[in-house]
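These numbers come from a predicted model, not from an experiment. Counting starts at 1 for both ligands and their atoms, in listed order.
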Amino acid sequence: MAEFSIIERYCQGLGADHSETQLGVGDDAAVIRVPDDKELAISVDTMVEGVHFHAGIEPADLAHKLLAVNLSDMAAMGACAQWATLTLTIPNYDEAWLAEFSKTINSVAQQYDLQLIGGDTTQGPLNVSLQIMGVLPLGQSLKRSGAEVGDDVYVSNTIGDAALALKLMSDDFDFRESGHRLLLDAIHRPQPQCELGLGLLDLANSCIDISDGLVADLGHISKQSGVSLELNVASLPLSESFRHVSNSIDYDLALTGGDDYQLAFTAAPCQRAQLEALSTSISVPITQVGRVVEKNTQAIKLCFNDKTYVLRNNAGFEHFS
Ligand code: ADP
Ligand code: MG
């Protein structure tokens, strides 16, 4: 099938409709209008077979994850995602694959009020890339550089589930039989924290989404804010599955495993009640895991209640201190 027919059949009219869209799929470029009191947040994430997903991945899982990882970047900025462009590189024309992929892009994009306004389609090794655009009130983005000494450090929902799932997949673990289906969903169907990100705009001082692991990502906040962070490993939010799947709780995995797509953020202690109210109103748990201190020789200091905590693989940790 010709490239243009693929575009017409599988890439047109996907997701929501926005009144600010002047031109969508079909011309040489899309045209959008940004209101005077708003600015655009723009981000792109690419997913390559063998690097970000395994060969033979369900097209619905791939489509979901591609949107989720990009929506998560918007959430971390406090931006309201509105538009996306999609680069689709496929090895051959597979009607069933394309139909499933396109259907899922459409349903997830609608769920998050995102409109697909353009892209590019080529033949080659499977590779998908999405550029996402969101709007922000002028000058108010949530940055990695805004953490202040005295801030509390928080994490949304639970962490470590995707990393544990990945580890178990290589052991042929039966997720369904064992009742730990939630772990598989964590890796295939991450839920971007869009509502939380929007709510944090007025409350948090800094924010990042956890894609490379909590310690690594908080390392970015430490570096860009010029502060150090102290975390209590005992207070990490871990799912029931994470706690019960193995004999002992693998705290290192929760601290360093990637693909969580939760938000880690810092906020002044005077915001505690407001944060609690936000968390309740959107039904997204948030957990205080530490605090921001004056910059010192250790970017991220870990303790387990009143004892120092040392990661087994110290080399990885040193990279971030
Ligand atoms: P050009 O040759 O000018 O780049 P294309 O033939 O690549 O134009 O694309 C035609 C139209 O289809 C453009 O509006 C482009 O944004 C859109 N498009 C192409 N591929 C995709 C895709 N995978 N998803 C969404 N829109 C796409
Ligand atoms: Mg093109």
field: Candidate with minimal heavy-atom separation from atom 3 (O) of ligand 1, of I105, T121, D28, L130
entry: D28
statement: atom 7 (O) of ligand 1: of V25, L14, D120, the nearest heavy atom sits on D120
Would you mind listing which atoms of ligand 1 come within a distance below 4.0 Å of any non-hydrogen atom of [X]?
X: L116; answer: 24 (N), 25 (C)
X: G26; answer: 11 (C), 13 (C), 14 (O)
X: C11; answer: 22 (C), 23 (N), 24 (N), 25 (C)

message: If I take atom CD1 from residue I210 and atom CG from residue D260, how far apart are they, to the nearest 0.5 angstrom?
response: 5.5 Å
statement: dist S129:OG -> N70:CG (nearest 0.5 Å) comes out at 7.5 Å
- request: Describe, in one word, how the ring planes of H54 and H188 are oriented to each other, choosing from parallel (under 30°), tilted (30 to 60°) and perpendicular (over 60°).
  value: perpendicular
- prompt: Just by distance, do the side chain of N106 and the backbone of G15 share a donor-acceptor pair under 3.5 Å?
  reply: yes
query: S239 and side-chain hydrogen bond (donor to acceptor under 3.5 Å, both in side chains): which partner among D161, N157, T158?
result: D161
query: Any idea which part of D27 is under 4.0 Å from ligand 1, heavy-atom wise: side chain, backbone, both or neither?
result: backbone
Residue portion contacting ligand 1 (non-hydrogen atoms closer than 4.0 Å) for I7: side chain
Under 3.5 Å: N/O of G119 near N/O of ligand 1: yes
query: Does the side chain of I90 come within less than 4.5 Å of F101's, by heavy atoms?
result: no
